[in-house]
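Encoded as structure tokens, the structure appears first; notes follow it.
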Amino acid sequence: MTKFIDMATTLSVRSFRTALLRWFAKHQRDLPWRHTHDPYAIWISETMLQQTQVATVRSYYERFLERFPNVWQLADAEEAEVLRLWAGLGYYRRARQLHAAAKQICDQHEGQFPPELEKLQHLPGIGRYTAGAILSFAYDAPAPIVEANTSRVYCRLLALTAPPSQAATQKELWTFAESLQPTSGGSGALNQALMELGSLVCTPQAPQCADCPVKKYCRAYAAGLENEVPCRPAKQKFTALHHALIIVQKQKDFLVRRNPAGGWWEGLWDFPRVDITETMTALVSKKTPTERILVETCQAAFQAKFDLHLDSISHVHTLRHGVTRYRIRLDCFRATSLRLKKLPNEFQWLPLPAIELLGLTSTGRKMLRWISAQDFS
DNA sequence: AATTCGGGGTG
DNA sequence: CACCCAGAATT
């Protein structure tokens with residue numbers, strides 16, 4: 001704290017805050033969660049915003065609050081309904097934890113958010129950042145925050161060249177965030193302003209230092225290091241996966257499956273799919289697989305995994321999508337008939353309008369749109 | 001301390 | 001395609 005003040009010419013943290021807040025008052029975006037001090041609404045927005053961009057969250061946030069206006073209604077909901085409203089946002093664990101936390105808040109805290117950092121952090125899905133956000137935005141309590149935007153802003157203000165992910169750097173960032181907090185109100189606005197600065201001016205690439213209201217406090221700017229700081233993590237390496245998906249139709253119904261516990265997309269619906277990575281890499285190293293090989297592999301994989309025997313399969317579509325460190329090639333097949341002894345109960349036959357209402361994975365929704373455009377009938 | 005959770009928007 | 005995102009929990 002003193003380090004920063006010493007560095008920042010003769011001006012104090014107070015002047016820093018004033019300059020930042022003046023800029024914020026003029027340039028802040030109009031975001032739906034800035035119109036409320038309801039800790040519940042703020043909690044929903046912060047959870048949705050975890051690792052998810054503002055533009056993506058907007059519509060989800062409004063729809064979710066409309067469906068679950070308060071913590072009691074969320075606690076009383078079916079998990080499937082919560083997942084349905086979350087479908088497409090990703091990180092579905094967040095939705096399940098949100099639901100679990102809502103139940104805890106109703107059962108153990110009489111529906112009130114405990115206005116203490118520690119108790120908030122005991123709730124599933126609420127870590128240090130989210131707890132600080134709820135406290136400062138809802139109650140204007142002096143709680144520091146560090147997330148993607150503020151982390152970058154702090155790193156540049158302090159000219160921290162070490163990787164921000166390192167534990168020691170993290171500690172510095174939280175200490176610095178703490179040192180910026182006002183003691184007599186205004187934490188909420190300050191934290192919002194810090195994030196907004198990171199989002200609009202102190203951007204990851206090509207930060208607009210000329211327009212920065214606090215450039216005179218910035219060590220990176222003074223040293224011409226604004227493009228070097230914060231240092232970037234090493235490039236991610238991806239693992240290639242190959243999945244096969246089947247579209248099976250019985251009159252107006254299509255076969256869909258709910259992902260079981262313990263795997264990816266738990267609780268979300270999709271068209272039946274299997275992993276064929278191993279077989280495919282063994283069969284065709286690098287070359288584009290022929291349709292015949294794809295079809296046979298798909299057939300064998302569904303037989304092995306679900307004891308499903310598919311007839312007359314044809315390859316109809318290919319999707320590519322990313323899941324964290326994986327890059328998945330998804331080959332889609334249409335099977336006109338299948339034989340099986342007994343359909344496991346995670347499967348269902350449903351018409352397209354009913355499938356539309358399920359909590360589908362993103363690929364599930366893509367496939368649904370694709371099928372609707374196909375004139376299968 | 002590193003890994004694992006999705007998915008979409010943007011250049 | 002590469003990069004990035006209002007992180008948290010688990011190992």
Side-chain angles (χ1 to χ4, degrees), chain A residues 28-29 31-34 42-61 83 86-98 100-101 120-137 143-154 162-171 173-174 177 188 191-200 202-207 230 232-239 241 259 262-268 270 319-328 330 359-366:
Chain A
Q28 67 168 303
R29 292 167 294 178
L31 302 177
W33 42 89
R34 288 189 178 153
I42 289 169
W43 172 51
I44 301 298
S45 72
E46 291 305 333
T47 304
M48 287 186 169
L49 285 160
Q50 287 168 12
Q51 293 294 281
T52 309
Q53 297 182 1
V54 166
T56 308
V57 166
R58 259 198 150 102
S59 58
Y60 282 89
Y61 170 79
L83 279 175
W86 205 273
L89 259 185
Y91 288 117
Y92 299 99
R93 182 169 56 188
R94 293 181 295 177
R96 290 188 292 273
Q97 289 175 329
L98 198 72
L120 283 173
Q121 281 190 249
H122 279 307
L123 294 165
I126 299 186
R128 190 167 179 187
Y129 163 74
T130 305
I134 293 172
L135 283 181
S136 62
F137 302 154
I145 57 164
V146 178
E147 42 65 74
N149 293 302
T150 45
S151 169
R152 185 172 57 250
V153 170
Y154 305 155
S165 56
Q166 257 175 21
T169 315
Q170 281 292 306
K171 195 176 170 188
L173 294 176
W174 280 101
N191 285 342
Q192 290 279 355
L194 286 163
M195 283 194 290
E196 196 74 335
L197 185 72
S199 180
L200 299 181
C202 195
T203 48
Q205 286 162 0
R232 313 175 147 295
K235 248 196 296 184
Q236 273 235 348
K237 288 174 189 165
F238 295 106
T239 303
L241 290 181
N259 289 301
W264 284 358
W265 306 300
E266 174 180 342
L268 287 159
D270 202 350
L319 285 179
R320 290 165 210 284
H321 67 116
V323 177
T324 63
R325 69 187 186 86
Y326 300 96
R327 290 293 173 268
I328 305 173
L330 176 60
L360 285 170
T361 64
S362 276
T363 48
R365 278 182 304 146
K366 277 184 196 167

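Note on naming: letters A, B, ... go to the chains in the order of the sequence lines (proteins, then strands), and numbering restarts at 1 for each one. Bear in mind the structure is a predicted one, so any value in this text is a computation, not a measurement.
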#### Entry: A:Thr361 and A:Asp270: side chain donor to acceptor below 3.5 Å
yes

#### Entry: Proximal nucleotide (of B:dG8, B:dC5, C:dA6) relative to the A:Arg365 side chain
B:dG8

### Task
Can you measure from CG (A:Leu83) to CD (A:Glu266) and round to the nearest 0.5 angstrom?
8.5 Å

### Task
Could you tell me whether the side chain of A:Thr52 has a donor or acceptor atom within less than 3.5 Å of a complementary atom in the base of B:dG7?
no

### Query
If you look at every strand shown and take non-hydrogen atoms under 4.0 Å, does A:Ala55 touch a base, only sugar-phosphate, or nothing?
nothing

### Task
Find the distance A:Glu266:CD to B:dT4:P and express it as a whole number of Å.
18 Å

### Residue A:Tyr326, side-chain heavy atoms: nucleotide from C:dC5, B:dC5, B:dG6 that is nearest
B:dC5

### Message
Assuming nearest nucleotide by heavy-atom distance, tell me which of A:Thr130 and A:Lys235 is located more 5' along DNA chain C.
### Response
A:Lys235

### Task
Mind checking A:Gln166 for me? I need base, sugar-phosphate or nothing, with any heavy atom below 4.0 Å counting as a touch.
nothing

### Query
Which part of the nucleic acid, if any, lies within reach of A:Ile145 when heavy atoms closer than 4.0 Å are counted: base, sugar-phosphate only, or nothing?
nothing

### Message
Heavy atoms only, 4.0 Å cut-off, all strands: where does A:Arg327 land among base, sugar-phosphate and nothing?
### Response
nothing

### Task
With heavy atoms under 4.0 Å as the rule, sort A:Trp265 into base, sugar-phosphate or nothing.
sugar-phosphate

### Query
Checking all strands, does A:Ala167 fall into the base, sugar-phosphate, or nothing category for heavy-atom contacts under 4.0 angstrom?
sugar-phosphate

### Query
What nucleic acid atoms does A:Gly198 come within less than 4.0 Å of, heavy atoms only: base, sugar-phosphate, or nothing?
nothing

### Message
Nearest 0.5 angstrom please: A:Leu49 CG to A:Ile42 CD1, how far?
### Response
11.5 Å

### Query
Can you check the A:Leu83 CG to B:dC5 P distance for me, whole Å?
16 Å

### Message
Taking only side-chain N and O atoms of A:Trp264, does any of them lie within less than 4.0 angstrom of OP1 or OP2 on B:dC5?
### Response
yes

### Spacing between A:Gln236 atom CD and C:dA2 atom C1', to the nearest angstrom
12 Å

### Task
Whole angstrom is fine here: how far is it from CE in A:Met48 over to P in C:dC5?
20 Å

### Query
When you measure from the side chain of A:Thr324, which nucleotide among C:dC5, B:dC5, C:dA6 comes out closest?
B:dC5

## Note on the structure
Which of B:dC5, B:dG8, C:dA6 is nearest the side chain of A:Ser362? It is B:dG8

#### Entry: Spacing of CZ belonging to A:Arg327 relative to CZ belonging to A:Phe238, to within rounding of 0.5 Å
3.5 Å

### Message
Nearest whole Å is fine: how far is C:dA6 P from A:Asn191 CG?
### Response
15 Å

### Task
Return the value, rounded to whole Å, for the distance between atom CZ of A:Arg128 and atom P of C:dA8.
11 Å

## Note on the structure
Whole-Å distance, A:Trp43 CH2 to C:dG7 P, equals 17 Å

### Query
Contact class for A:Val57 vs. all strands (heavy atom < 4.0 Å): base, sugar-phosphate, or nothing?
nothing

### Query
For A:Pro230, does its backbone N or O pair with a side-chain atom of A:Arg152 as donor and acceptor, under 3.5 Å?
no

## Note on the structure
Looking only at C:dC5, B:dG6, C:dA6, the nucleotide nearest the A:Tyr92 side chain is B:dG6

### Query
Contact class for A:Arg34 (heavy atom, under 4.0 Å): base, sugar-phosphate, or nothing?
base

### Query
Between C:dC5, B:dG6, C:dA6, which nucleotide gets closest to the side-chain atoms of A:Arg152?
C:dC5

### Task
Would you indicate what A:Leu123 reaches in the nucleic acid, counting non-hydrogen atoms under 4.0 angstrom: base, sugar-phosphate, or nothing?
sugar-phosphate

### Query
Under a 4.5 Å cut-off applied to non-hydrogen side-chain atoms, are A:Phe137 and A:Arg34 in contact?
no

### Message
Please confirm whether the shortest side-chain N or O distance from A:Arg325 to OP1 or OP2 of B:dT4 is below 4.0 Å.
### Response
yes

### Message
For a quick check of understanding: with a heavy-atom distance under 4.0 Å over all strands, which category does A:Gln50 fall into, base, sugar-phosphate or nothing?
### Response
sugar-phosphate

### Task
Take atom CZ of A:Arg94 and atom P of C:dA8, then tell me their distance rounded to the nearest Å.
11 Å

